[in-house]
Protein chains: 2
Amino acid sequence: MNKRGRNQTEPAKSAISIQDVADEAHVSIATVSRVLNNPEVVSAATAAKVREVIQRLGYVPNPFAQGLITRASRVLCLALPDIHGEFYSGLIRGADAKAHELGYHLLVSSEARGGPGATRAERSTGLALGLIDGLAIMITEPGDQAWTTAAESGTPVVLIDMEAQRPGVDCVLVDNAVGAAEATRHLLAGTPAASVFFVGGASENFDTRARAEAFASEVGRAGVALPENQISYGTYNVEWGYTWMQERVKTGRAVGIGVLAGNDEIAMGIVQAAEDAGIRVPGQVRVVGFDDTRIASLLRPKLSSVRVPLQDVGAAAIAALAARLEDPQRPPSITRLATSLVVRESSGG
Amino acid sequence: MNKRGRNQTEPAKSAISIQDVADEAHVSIATVSRVLNNPEVVSAATAAKVREVIQRLGYVPNPFAQGLITRASRVLCLALPDIHGEFYSGLIRGADAKAHELGYHLLVSSEARGGPGATRAERSTGLALGLIDGLAIMITEPGDQAWTTAAESGTPVVLIDMEAQRPGVDCVLVDNAVGAAEATRHLLAGTPAASVFFVGGASENFDTRARAEAFASEVGRAGVALPENQISYGTYNVEWGYTWMQERVKTGRAVGIGVLAGNDEIAMGIVQAAEDAGIRVPGQVRVVGFDDTRIASLLRPKLSSVRVPLQDVGAAAIAALAARLEDPQRPPSITRLATSLVVRESSGG
DNA sequence: CGCTATGATGTAAACCTTTTCATCCAATCT
DNA sequence: AGATTGGATGAAAAGGTTTACATCATAGCG
């Protein structure tokens with residue numbers, strides 16, 4: 001009965017296959033496959049019987065065999081520079097939710113080492129090329145070319161968060177400029193243009209640059225000749241914000257200013273340095289953060305911040321990937337997600 | 001030359017295969033395979049030539065074909081109740097790092113719907129059974145049985161964070177009791193036993209119970225007859241902490257107490273409610289959080305908290321899974337990670 | 001010189017599924 | 001009645017890799 005002539009004495013190690021189901025239901029494997037993938041072409045009676053057997057045997061199709069034929073795994077990869085912290089966490093959550101919604105699995109990766117080279121171990125450490133149906137990758141710095149390997153190998157790629165989209169590639173980008181400009185104008189409304197500052201993270205970072213440029217543009221429009229002088233670059237952490245503010249306190253230039261921080265952590269550092277120096281926020285110093293992570297609303301004073309829709313970014317990237325997989329011929333899409341100012345307490349009325 | 005007799009006029013859509021490499025290098029596919037997987041059995045000259053061709057053609061083995069034979073994908077799945085926030089973020093980071101270190105890919109999933117039933121879409125939405133080599137799943141509540149499906153199908157499973165390990169299954173568990181007891185003793189050292197409280201999250205949660213029990217045990221030892229009366233359950237968020245403290249403020253029982261919170265967010269709510277009522281922390285109220293997430297050290301006053309080595313938990317789960325895959329016969333392992341008190345400002349000296 | 005190890009390589013089966021094509025039977029039409 | 005259509009199903013190929021087994025040449029040995 002069993003066409004594969006299995007040795008009945010040895011315990012069946014391998015999972016049951018479509019052949020087992022076919023044998024048990026007295027049909028061919030083709031029919032079993034059809035019940036699963038094309039139910040409308042098989043008679044109701046046969047379908048019912050096959051389904052019963054599938055249920056009873058707990059049959060699950062082998063994804064490798066399926067992938068070998070369909071050349072699809074329903075696995076998408078999300079590659080990020082890091083996966084820690086509120087920022088990336090939100091992105092992953094959005095991507096995960098959308099992936100599940102669309103029936104995909106999500107592979108996350110914080111490293112994109114490897115490539116076509118070398119040993120098996122090395123290769124498997126990098127991107128799971130060939131296994132994944134598509135790659136959503138976040139690029140924050142110019143040199144980053146990890147995605148080209150994937151693109152060249154024919155894997156659909158979606159670029160996240162780049163300011164400058166590449167022609168011919170689907171992109172999801174965050175419109176840092178809108179929110180940064182809005183926040184700058186908010187500060188300019190109550191503080192002299194010459195006393196408004198931008199304290200950003202790494203200057204190589206795309207987001208940093210875009211935010212800084214929008215800031216400079218607004219401050220320049222407000223009449224400052226060299227707005228670049230009011231911009232500082234550092235690192236995206238609390239310490240840098242604290243250091244920057246401390247420096248101003250020391251030199252007696254800490255009061256009566258307005259600061260747009262590169263992210264919420266920097267903003268937090270600035271606020272803490274001010275408070276430690278007995279300077280009131282927002283009374284004597286006004287501060288606006290960036291990203292609007294969870295801590296912004298938890299801090300006291302509650303931190304005004306430029307909201308970046310992180311979950312939407314993750315979801316949009318997955319959606320774009322799915323759309324490309326469904327229609328490889330569609331023209332490259334550019335999804336632009338806006339940022340917007342959320343005014344709380346740290347920036348005053 | 002090309003044994004598969006490809007139509008040369010049509011653009012080669014499919015990726016290049018082992019056959020292409022074999023043809024180009026004038027060897028059999030078996031030799032190519034050996035160069036990749038068993039280099040020591042093939043002559044140096046042949047190996048060099050094959051490697052050159054592989055390099056030149058950019059050949060990458062098809063993971064589906066490999067998986068079909070080897071029954072392995074080098075993909076591990078980490079299933080969590082949610083993937084948002086500092087807590088899960090740390091766990092994922094630890095798992096991701098360890099997975100890369102060991103040469104595995106990491107699939108994350110915040111939902112474990114599906115099972116052997118029904119349509120293709122439904123199935124693919126759940127666990128990627130058959131595709132993944134192993135599953136690390138976090139169980140926080142008793143009813144949770146998502147993992148049994150995987151275990152029954154023969155997929156190796158590692159349970160994370162359960163207080164009560166299941167016999168025969170690899171477990172990674174967090175020793176909540178140690179840290180909770182330590183924190184409780186810390187509070188008891190400066191506050192009367194009758195004025196020390198535990199404000200936890202959901203009572204069904206394994207962690208919550210373990211923490212509450214350790215608390216009760218210590219307070220009982222300190223002479224309180226019914227320590228349970230000093231335990232409250234709610235939700236793991238800021239609001240619940242705030243509400244709890246506000247209630248005590250209203251009824252005039254807010255001063256001179258010590259509180260062990262179920263997590264850092266609850267602790268933060270308690271601190272904020274106290275401050276809003278003009279009550280000093282740690283002067284009049286002492287607070288200790290749990291989990292020691294990033295915010296703990298960022299808050300003012302800096303929050304004392306029980307550190308849970310989240311990254312280590314994630315890493316340990318992946319390590320246990322990898323060990324099981326390498327040796328399916330090894331006895332079930334139990335990795336117990338300790339928690340410990342980190343004293344900062346919110347709990348006083 | 002002939003026989004046997006031995007090392008290098010090739011052949012072919014197996015892994016499991018999807019899908020095209022062929023087959024078969026019953027029902028409809030002329 | 002004979003031809004035709006259509007629905008349901010089966011047979012078989014294809015997809016790319018690993019690996020057991022077969023083959024072959026060469027070197028070593030008696």
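Note: hydrogens, waters and symmetry copies are ignored here, and every other heavy atom, side chains too, is used.
- Rounded to whole Å, atom P of D:dG15 lies 9 Å from atom CD1 of A:I69.
- Between A:F64 and A:I29, the residue anchored nearer the 5' end of DNA chain D, judged by the nucleotide with its closest heavy atom, is A:I29.
- Although no hydrogens or angles enter the test, the distance criterion places a donor-acceptor pair under 3.5 Å between the side chain of B:S73 and the main chain of B:L131.
- Close to C:dT18, at under 4.0 Å from its OP1 or OP2, lies a side-chain N or O of A:S33.
- Toward the 5' end of DNA chain C, the nearer of the two residues B:L68 and B:V42, judged by each one's closest nucleotide, is B:V42.
- For the pair A:L131 CG and D:dG16 P, the computed distance is 16 Å after rounding to whole Å.
- As rounded to whole Å, 15 Å separates atom P of C:dA8 from atom NZ of B:K49.
- Listed for the A:R74 side chain is no donor-acceptor partner under 3.5 Å among the backbone atoms of A:H105.
- Defined by atom type and a distance below 3.5 Å, a donor-acceptor pair is present between the side-chain atoms of A:S333 and A:D170.
- Note on B:R71: every side-chain N or O is 4.0 Å or more away from OP1 and OP2 of D:dT18.
- Nucleic acid contact for A:T31: sugar-phosphate only, since backbone atoms but no base atoms lie under 4.0 Å from a heavy atom of the residue.
- Rounded to a whole Å, the CG atom of B:N62 is 6 Å from the C1' atom of D:dG16.
- Atom CG of A:N38 and atom C1' of C:dT18 are 10 Å apart (whole Å).
- Regarding B:I16, its CD1 atom lies at a distance of 12 Å from the C1' atom of D:dG16, rounded to whole Å.
- Positionally, the nearest nucleotide of DNA chain D for B:A65 lies more toward the 5' end than for the other of B:R34 and B:A65.
- OP1 and OP2 of C:dC16 both lie 4.0 Å or more from every side-chain N or O belonging to A:Q66.
- Applying the side chain to side chain contact (heavy atoms under 4.5 Å, CB included) criterion to A:A315, with sequence neighbours excluded, gives A:K98.
- Atom pair B:Q19:CD and C:dT11:P shows a separation of 10 Å (rounding to whole Å applied).
- Protein atom CD1 of A:I18 is 15 Å distant from nucleotide atom P of C:dC15, rounded to whole Å.
- One finds no side-chain N or O of B:S17 lying less than 4.0 angstrom from the OP1 or OP2 phosphate oxygen of D:dG16.
- Between B:S43 and C:dG7 there is no side-chain polar atom (N or O) within less than 4.0 angstrom of OP1 or OP2.
- At C:dC16, none of the side-chain N or O atoms of A:Y59 fall inside 4.0 Å of OP1 or OP2 (strictly under the cut-off).
- Partners of A:L325 under the side chain to side chain contact (heavy atoms under 4.5 Å, CB included) rule, at least two apart in sequence or in another chain, are A:L76, A:Y104, A:D133, A:P156.
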